[in-house]
Protein chains: 2
Amino acid sequence: MAQLIDGKAVAARVRAEVKAEVEKLKAERGLVPGLTVVRVGEDPASKIYVNGKKKAAEEVGFNSWELHPDDKITQDELLSLVDKLNKDPAVHGVLVQLPLPKHIDAERIISAVRPEKDVDGFHPMNAGLLSAGKPAPRPCTPFGIMRLLREIGCDPSGKRAVVVGRSNIVGKPMALMLLAADATVTVCHRKSNLPAEVANADILVAAAGVPELIQGEWIKPGAVVIDVGMNRMPDGKLKGDVEFDKAKERASFITPVPGGVGPMTIAMLMRNTLEAAKASR
Amino acid sequence: MAQLIDGKAVAARVRAEVKAEVEKLKAERGLVPGLTVVRVGEDPASKIYVNGKKKAAEEVGFNSWELHPDDKITQDELLSLVDKLNKDPAVHGVLVQLPLPKHIDAERIISAVRPEKDVDGFHPMNAGLLSAGKPAPRPCTPFGIMRLLREIGCDPSGKRAVVVGRSNIVGKPMALMLLAADATVTVCHRKSNLPAEVANADILVAAAGVPELIQGEWIKPGAVVIDVGMNRMPDGKLKGDVEFDKAKERASFITPVPGGVGPMTIAMLMRNTLEAAKASR
């Protein structure tokens, strides 16, 4: 029977660490980290996410601002807004909440954020620095997963890690981080033989966005199972990418959904913003 | 008994394709691709490599220049030289030959080349664009290997690809390219159980830089074996990372060393420079 990985508790710990460092930074350098979130239009999910980020930012002692242009904003207007934030020395982190309206090229906007202020870690420059093993803001979800592994005493070195999903936000950066931590890393997707791959995973990260794609009986006994899935079911409940009830019989550690990986994302956003502030000037 | 993959012949074909496109570009847009190679100091191996690149550039009809500052050049002087090349509209590709003298920070120099002119594909921005699956100059060696696979009719989709080695120049970009081509990709290194991993590889790319690290009997029967190793032995001969004589008994296709992957690198550099010229203005 697996131990549950309590992402809520670890996330709270990360925020407490950030808060302590913010106080030190204020005392020693008179510097207050600043995070600006840009939320375009009225996507209801975005509103919830952005509120969570603002709340966390206030809790850790950041300056936090929300800009909220309506969805008629043009791409050029949004670009010049980003440019203003790039130049504002009080703003250390700039986060443009996705999705953006269809008439706006999201990649163009993300690439316009200065890499040092890209606290989501989505800028191609930061993806490249991650690939090269250089310091840069890391994508928050996989960064948070690395922290969860550390918390449970799981050192990836020499282990077989299998990542299901190859998104730019989770799967690929996750694979690169596990590789940098000396795991032997396999990346899977819809063309992969999942049962065979999962059976060889000492560490399994499921980030496919398909409810219960990973059957519990595929899991290698003793594996660490990290479930990034947040699939909203017709009954309103959230389901992960892993068949939790059966997987927990075989895994040594497993993240619940919700309350596993989810809370880590915002916590690591706080960490990235703090680091951006520390590196500023 | 494996078929040999004739990298020399494929590289010649790539150069011929580039040459034909250069002629078209000249005729239609009056545009001649220009490649500048910067070679600092007197590294003897660098001299040979640079001569190979210049020769290929001339053969395909590029303008080609070599700048050859002595090894006393300061980092700032080299940076301003790169800056001049960045601004020169006749120069579409800028290649700073490595290694650089110890007093120069090679990463700093490579990051100073404009990503559009970084025809080696080493700039972090280009590594990030590769990771994101966006167009950008690709690192030449793995890019050449993708071409070799195409030439032998090997579509990586759905296959298990195993990459041994995780350098920024070969291993990691190779893994990302194979992943983009829908292979299930595993990256191995010194902490990996190589015999077990290699035994499951439909496509094996060996890029560890260790002579005959991969034993022939580990190879999965019918596998495609790509050997990036170029290890100079005490007797002066080149050896690959794969135990060739035994591996060729099991593989369906295998690259010889030399004459396999090696010739592709310069050929793809020509391709990258041509594409940089086509995208210019």
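From a predicted model like this one, the values you see are computed outputs, not experimental measurements.
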If you count heavy-atom pairs under 4.5 Å between each of A/Gly158, A/Ala127, A/Ser131 and chain B, which one has the most?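 Top count of heavy-atom pairs under 4.5 Å with chain B: A/Ser131.
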Engaged part of [X] at the chain A interface, taking heavy atoms whose separation is under 4.5 Å:
| X | result |
| --- | --- |
| B/Ala183 | backbone |
| B/Arg190 | neither |
| B/Lys159 | neither |

Should [X] and [Y] count as an ion pair when the cut-off is N to O under 4.0 Å?
| X | Y | result |
| --- | --- | --- |
| A/Arg114 | A/Asp118 | no |
| B/Glu107 | A/Lys134 | yes |
| A/Lys191 | B/Asp182 | yes |

Who wins among B/Asn200, B/Asn126, B/Thr184, B/Asn193 for the most heavy-atom pairs under 4.5 Å with chain A?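 Result: the option with the highest number of such pairs is B/Thr184.
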N/O donor-acceptor pair under 3.5 Å between A/Ser111 side chain and A/Arg108 backbone: no
When you look at B/Asp83 and B/Lys87, which way does the salt bridge (Lys or Arg N to Asp or Glu O under 4.0 Å) test go after all the steps? CA-CA 6 Å; B/Asp83 187 52; B/Lys87 288 175 180 149; 2.8 Å; yes
